[in-house]
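Heads up: the structure comes next, in structure tokens.
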Amino acid sequence: MNTVVRRVWDRVSASDPGLLRLAAGLRTTGAIALTLAVLAPFGVSVSHLVAGAITAMVATFAIQEKRRGPQAVTLALGLPVAAASVALATLLHSLVVVGDVFFVVLIFGAVYGRRFGDRGHALGMIAFQTHFVALFVEVRAGNLPGFLGTVAVAFACSAVARFALVPQTSAGTFQRLRRAFRARLAQLLDAQLELLDAGPEDVERALGHLRERTARLHETALMIQGRLEEGTPDAASARLVQRRVADAEITAERLGLLLLTARSAERADTLTLHLPGFPVPEAGRHLVRDASRDTVRRDLSALRLLVRDPEAAGASRAHLRNRLLGYRDEENLPDGPPAVQDVFRGIGEAARAVLGLRIVLDGPQDDADDTAETARSREELDAEDAALEAEEEPEATGLARPTTRAAVQVAVGSSLAIVGGEFLSSQRWYWAVLTCWIVFINTASTGEILVKGYRRLLGTVLGVVAGLGLAGLVGQHTWTAFALVLLCVFAMFYTAPLSYTLMSFFVTAALGVLYTLLHTYSLSVLVLRVEETALGAACGVIAAALVLPVHTDRRTDELLEAALERLADVTSGALDQLSGAAAEDLLERARDLDQALADLLAATQPLTHPVSPLRGRKDTARYVVALLETCAYHARSLAATAELLPTHPSIAADPRLRGAGERIVANIGAVAAHVRDEPAAVRTGASIASLLRPGRYGTPRYGRVTDRVLRHLQRLDEAVVGLARPLGVPVKAESGDVAA
């Protein structure tokens, strides 16, 4: 039973890395429930209960700092900000023009505050949302003191929920993230087993699962990297964890490629893992069963066991670990075709990465049952750890701050929404303003705002339908209604990172219940909610398109150029170190590359959205992003290999690698220059793979750094040239003749 519960919990952890969504949902609903429990004995009105619930929700979700101290400071500062916002909304209610002007100024200040980091963003959101609360529950001067007391209670309950009921500590979040990484690594191995066994009819589905779980593992690795400084005791420990997580991710991804190759007569294209719809080689559709495939299946299952149950001990576990690590020695490889033997080598490297991950996360392990190969792997890991610990702490790099452009845009859009909203309803106009405000949060281009507005409108329409049913269900049963609101709030926060449409659906469904409690529910009110939402989204899009516009093409070009620069930086640094020169902070450079790719992927969503009518641009955007992800995989692999040089006994620098990679770095720069509208061309020439020298019996020399690095360089070279074609970069042969 314990095993079943652990596996179910692993799946929950894998679907919600670090349980961040679950914690956010529980913390927010806990704050609301506690606020209602404190206010109810005083016999306050339903309006006070609703105001308290919404304020508690805002005070909880607005604060995004990772450490408890800054969270407490922001929460303390938020109380007077909220009180002032509610008071001004109340006092300016009768002065329509002055009140509207103040609201626009408040919106501008709230968005502009994002330039001051998480605290500025939180205080701006608290000011705006509590102003909205005052309008929603119709606070007036006569009952203002009571509502200010409600606000104070809500903030106090939010503090209790945050620091006592559902505490959020950096160390705790990091521990949950590491469990999620293990769970997703085990799920990726499950997908690899599925691919190994898939027949001709199932191979496409199995490959889809492999792609999905490879992407999820990478997502979790990025989340861990974002929490390293807060979740580890010092910078040296953070670098160790970052290195081990990167090793595990790279070896798992490489193992998937080796399995694809083992199913086919040809070496699998790396793009197969990164581009949905990329076809499986015809030869790879037919499953060949033999003794070596059965051994691969057995060893993949053993590797999955080592990942899934890190706390398990005993001689049997040590035996499995020793056998898999033994595959790092050529003499221990089972018999089989060369492609299958490659898989065994990949399993051995993955077992080493899992061992390193366990040591850095769980501390020293019992080595009484170690074989010679396992002992050698431990020595290599210890040497690498010592080298990383000796490095200086890298300087922190500041994140790009938002400019005043977004504040001006949202102020103009909100002004339009106020005017248009007043025409629709003099009582509910603020819904249009709220929508206009929300579509600007975490968006940077006109296309992103358009997509977000569309999703909010769709969620609102569906939520209205649900709200009708829920309102009829609860009637005037106050506490039943609040229970449903709590469920909707939890669902809203749990689904927010997954689907903005779902979040909007639950928000609107909850509002239908709140309107019932406030005795203002009617079908016309919910229809008005849809109309105001559509108006607010339209005003946001108009403001984004006409006022200091940042078009999607320009935004994606800027991020594409940034990603290419990070790719060139990682590649050149890795080649320098592999050639014998010194390079600094390769892991940090690789992390910056991953973040640049994540930003680019988010910015291309308007181009790849299912409703986009521009199918040609959609396919091009997906292809370019997939090629960049392929390039990033090979660049990360080069950086990881380069980091081994100072300590690994079987790896030595090879000066030839610098010359082999010069063309790649130059080509990446040429593509970036073309994106900037500068004249440039990509050069092609002799295959980098031709620099490989066969070892004995015509097989590659595994275990020598040059052979593996040249393969990554060859794939990177092919991917960069492939990237030039959809972007329209001229491709020329080394002689200068135009090749494409």
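Note that the structure is predicted; figures quoted are calculated from it, not measured. Computation of the quantities below employed the complete heavy-atom set of this structure, encompassing side-chain atoms and omitting hydrogens, waters and symmetry-equivalent molecules.
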* Under 3.5 Å, is there a donor-acceptor pair between the side chain of Asn667 and the main chain of Arg683? -> yes

* How about Leu210 and Thr214: do any of their side-chain heavy atoms sit closer than 4.5 Å? -> yes

* Structure fact -> Between the CG atom in Leu188 and the NE2 atom in His209, the distance rounded to the nearest 0.5 Å is 12.5 Å

* Structure fact -> What one should report as the nearest heavy-atom pair of Ile347 and Leu324 is CG2-CD2, 3.8 Å

* To do: Could you tell me which non-hydrogen atom of Arg184 sits nearest to which non-hydrogen atom of Arg216, and how far apart they are?
  => NH1-O, 3.0 Å

* Asked: Would you say the side-chain atoms of Glu629 pair up with the backbone N or O of Leu597, donor to acceptor, closer than 3.5 Å?
  -> no

* Which pair of non-hydrogen atoms, one from Leu255 and one from Leu303, has the smallest distance, and what is that distance? -> CD2-CD2, 4.0 Å

* Quick one: closest heavy-atom pair of Ala680 and Val729, and the distance? => O-CG1, 4.1 Å

* **Separation between OG1 of Thr556 and CG of Asp599, rounded to the nearest 0.5 Å** => 12.5 Å

* Could you tell me whether the side chain of Asp190 reaches within less than 4.5 Å of the side chain of Arg213, counting heavy atoms only? => yes

* Nearest-0.5 Å distance that lies between atom CD in Glu194 and atom CG in Leu207 -> 10.0 Å

* Using a 4.5 Å cut-off on heavy atoms from C-beta on, say whether the side chain of Val570 contacts that of Leu638. => no

* Close side-chain approach of Gln192 and Leu189, heavy atoms under 4.5 Å -> yes

* Whether His674 side chain and Leu727 backbone form a donor-acceptor pair below 3.5 Å -> yes

* For the pair Arg589 and Asp592, find out whether any cationic side-chain nitrogen is under 4.0 Å from an anionic carboxylate oxygen. => no

* Passing option when Leu258 is tested against Val340, Val296, Asp342 for side-chain contact (heavy atoms from CB on, under 4.5 Å) -> Asp342

* To do: Check whether any side-chain heavy atom of Asn332 lies under 4.5 Å from a side-chain heavy atom of Phe344, and answer yes or no.
  => no

* What's the shortest heavy-atom distance between Arg182 and Val307, and which atoms? -> O-CG1, 3.3 Å

* Considering only NZ, NE, NH1 and NH2 on the basic side and carboxylate oxygens on the acidic side, decide whether Arg345 and Glu349 come within less than 4.0 Å. => no

* Presence of salt bridge, Arg566 and Asp569, under 4.0 angstrom -> no

* Counting only N and O atoms by type, is there a donor-acceptor contact under 3.5 Å from the side chain of Gln341 to the main-chain atoms of Asp335? -> no

* If every non-hydrogen atom of Arg321 is compared with every non-hydrogen atom of Leu306, which pair is closest and at what distance? -> CA-CD1, 3.9 Å

